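Take a look at the structure below.
Note that the structure is predicted; figures quoted are calculated from it, not measured.
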Amino acid sequence: MQFSAISFELLKCRSFFVAICLLGMYALAGCSQGQAFKSSVVGKVTLDDQPVPQGSIVLIDQAGKLATSALEPDGGYSLRCSPGSYHIAIAPPPPPDPFAPKSSETKVNVVKIPSKYRDVGTSGLTIDVKEGENTFDVQLAPSPQRK
């Protein structure tokens, strides 16, 4: 049986996919080992009083532990983490896949997140998460217009 170049490439892609999945499962198992998340945080992210319908909210503490959540179409998010102080960033959605088939689904308006909010070091956003349920709405200010 001979393998063509296409089937070899397909085999490499499948192997890579399996390796990534295994690595992801290993990482998730390591993160939750001995840790019980005792807190939850819910809220909405808005920019100029309008919901940010795509992207992610990222919380990071001084030890480098992350908590993330994808933003819902109404700007809402929900995540679980340990109690503590966190710096916050709002990540934009990934760019659209240029190879994906074009669909007739309604597209969500992409909101341009000001660059200062994309980095925990420059966003100026922080939260002190207490044990139990926490609510934290994030209100982003638009970038100043250049003249």
**OP:** Please check if the side chain of Asp74 supplies one atom and the backbone of Gly76 the other of a donor-acceptor pair under 3.5 Å.
**Re:**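 Side chain of Asp74 to backbone of Gly76, a donor-acceptor pair under 3.5 Å: yes, one is there.
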Original post:
Any donor-acceptor pair under 3.5 Å linking the side chain of Asp119 with the backbone of Tyr117?
Top reply: no
Original post:
Under a single-linkage definition using a 4.5 Å side-chain heavy-atom cutoff for Ile, Leu, Val, Met, Phe, Trp and Tyr, are Leu71 and Leu140 assigned to the same hydrophobic cluster?
Top reply: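 Linked within one cluster.
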Subject >> Linked, directly or transitively: Val129 and Leu79 (ILVMFWY side chains, under 4.5 Å) >> reply: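 Yes, same cluster.
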Shortest non-hydrogen contact from [X] toward [Y]:
{"X": "Tyr77", "Y": "Ser69", "result": "CB-OG, 3.6 Å"}
{"X": "Thr46", "Y": "Val52", "result": "C-CG2, 3.9 Å"}
{"X": "Cys81", "Y": "Tyr86", "result": "CB-OH, 3.7 Å"}
{"X": "Thr122", "Y": "Ser115", "result": "OG1-O, 4.4 Å"}
{"X": "Pro73", "Y": "Pro51", "result": "O-CB, 4.3 Å"}
{"X": "Lys38", "Y": "Glu131", "result": "O-CG, 3.6 Å"}

Given side chains that start at C-beta, do those of [X] and [Y] come closer than 4.5 Å, heavy atoms only?
{"X": "Pro83", "Y": "Lys130", "result": "no"}
{"X": "Lys44", "Y": "Gln139", "result": "no"}
{"X": "Val42", "Y": "Glu133", "result": "no"}

Nearest 0.5 angstrom please: [X] [atom1] to [Y] [atom2], how far?
{"X": "Ile113", "Y": "Ser56", "atom1": "CD1", "atom2": "OG", "value": "8.5 Å"}
{"X": "Ile88", "Y": "Thr126", "atom1": "CD1", "atom2": "OG1", "value": "6.5 Å"}
{"X": "Leu59", "Y": "Thr68", "atom1": "CG", "atom2": "OG1", "value": "9.0 Å"}

Subject >> Residue from Val138, Val45, Val120 passing side-chain contact (heavy atoms from CB on, under 4.5 Å) with Leu125 >> reply: Val138
